There are 2 protein chains.
Amino acid sequence: MRWEELDQQPCSVARTLSVIGDRWTLMVLRDCFLGVRRFEEFERRLGITRHVLTDRLKKLVQHGVLVKKPYQDKPRREEYRLTEKGLELHPVVMAIVHWGDKHMADERGAPLLHVHKGCGHAMSPVTVCSHCGDPITARDISVQPSPKWLADESAGASATRGHLTKRNKSYTKPCRANPVQ
Amino acid sequence: MRWEELDQQPCSVARTLSVIGDRWTLMVLRDCFLGVRRFEEFERRLGITRHVLTDRLKKLVQHGVLVKKPYQDKPRREEYRLTEKGLELHPVVMAIVHWGDKHMADERGAPLLHVHKGCGHAMSPVTVCSHCGDPITARDISVQPSPKWLADESAGASATRGHLTKRNKSYTKPCRANPVQ
DNA sequence: ATCTAATAGTTCCAAAAAAGAACTGACGCT
DNA sequence: AGCGTCAGTTCTTTTTTGGAACTATTAGAT
């Protein structure tokens, strides 16, 4: 399957990755969350090639994750800022940082501290259940197809067909399988 | 900069992405969390080429995210399972799913529901502060270099040098900049 | 008036990675 | 003997990156 077909899939992971699931895109977003806004600063900090940076910024703008706004005229210069939609990727970035702090740090530990302005303490992100507020791990969650999708499926939905190869016939249903462990 | 140099950087995002920041790797992990364990099932579900799948599984095993264990002899067959380290990527995957459910879903909404076994309700992941337990957004967090890293830096640490190009001189310090917004 | 610097790109070529399909090898079943 | 399963490997073509140089617009210095 080609990468551009990913967003066709009935899976929120696949669809999200069609926007941010790229080698460089998440590094660009990391810098956005650290306040970087300008082309050359992204380039300097990341060591990304200008060609690829141009492409990734353009895609993020197309998807509404960043907006390009002028910060001066004569000569016209533009910078890139996170939109609300972009800011909502913060949990993704925080989860990635936290895993890296725990599993990829050297003897010096985490390079950066995250301070919660509300309570004033260095914090790490904890994922909790939106219903009961308890912390969750992979083993606490079971997955089931949404009723709406099941209804559509039994009604013979075919909207998501058409991109299937001979080998691959499983994409008309939401991606599911047996639970973890 | 080349991609393989990413894990050299003093940034937990970069280091984590050196393991999972690949087009296909996160899709493989999604399937792992859905209970997929076998080579051909990954291939069938993802439409990934066998060559790339072999490579990604090997890398995930090298990084200790998956383990390969035999499930039969004669002929020997092996399957891939998440380790504890791998299971701890769950918050990353959940954050990605949640963003996709909110921003990339079509009129049918989220394809899958996540049920918290503890309380029995469909849930979405909420990121809270490990210290005070309040939900956080990007604007609630400020970032600062860790004291340990600052100490090392002023002591003239040079362990992370050596991969820098002429253009790119900023990697001896933890990646930081101005706060968001 | 010319030279240099800054910013945000574009263009070009070579190298690396991915897509797509066929092939391998160990075995089990009929 | 022939077919099927599984977990890969090999091969060729296409796409994407890396790396470096070039462009356009303006400000300020010589």
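Just so we're clear, the structure is a prediction, and the values are computed from it rather than from any experiment. Below, chains carry the letters A, B, ... as their sequence lines are ordered, and counting in each starts from 1.
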K.L.:
Please tell me which of the listed nucleotides, D/dA7, C/dT10, D/dG19, lies nearest to the side chain of A/T49?
P.N.:
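Selected nucleotide (nearest to the side chain): D/dG19.
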K.L.:
Taking only the side-chain nitrogens and oxygens of A/R23, find out if one of them lies under 4.0 Å from OP1 or OP2 of C/dA18.
P.N.:
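Result: yes.
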K.L.:
For A/D22, answer base if it contacts any base atom (sugar-phosphate contacts may also be present), sugar-phosphate if it contacts only those atoms, and nothing otherwise; contact means non-hydrogen atoms under 4.0 Å.
P.N.:
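Here A/D22 touches the backbone only, sparing every base.
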K.L.:
Could one point to a donor on the side chain of A/R38 or the base of C/dA8 with an acceptor on the other under 3.5 Å away?
P.N.:
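Under the 3.5 Å cut-off, the side chain and the base do not form any donor-acceptor pair.
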K.L.:
Between C/dT7, D/dG8, C/dG9, which nucleotide gets closest to the side-chain atoms of A/R77?
P.N.:
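Nearest to the side chain of A/R77 among the choices is C/dT7.
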K.L.:
Under 4.0 Å from any atom of DNA chain C, heavy atoms only: list the residues of residues 59-68 of chain B that qualify, in numerical order.
P.N.:
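Hits under 4.0 Å, by residue number: none.
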K.L.:
Does C/dA18 have OP1 or OP2 under 4.0 Å away from a side-chain N or O of B/R56?
P.N.:
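True: B/R56 side-chain N/O within range (under 4.0 Å) of C/dA18 OP1/OP2.
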K.L.:
Between CZ of A/R81 and CZ of A/R38, what distance do you get to the nearest 0.5 Å?
P.N.:
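Atom-to-atom, A/R81:CZ and A/R38:CZ are 9.5 Å apart.
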K.L.:
Could you state the atom-to-atom distance from CZ of B/R76 to P of C/dG28 in whole Å?
P.N.:
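It works out to 15 Å between those atoms.
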K.L.:
Nearest to the side chain of A/H51, which nucleotide is it out of D/dG8, C/dA18, C/dC12?
P.N.:
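Selected nucleotide: C/dC12.
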K.L.:
For D/dG8, take OP1 and OP2 only and decide whether either is under 4.0 Å from a side-chain N or O of B/Y80.
P.N.:
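Answer is yes, contact under 4.0 Å.
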K.L.:
Tell me: NZ of A/K74 to P of D/dG28, nearest whole Å?
P.N.:
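A/K74 atom NZ is separated from D/dG28 atom P by 13 Å.
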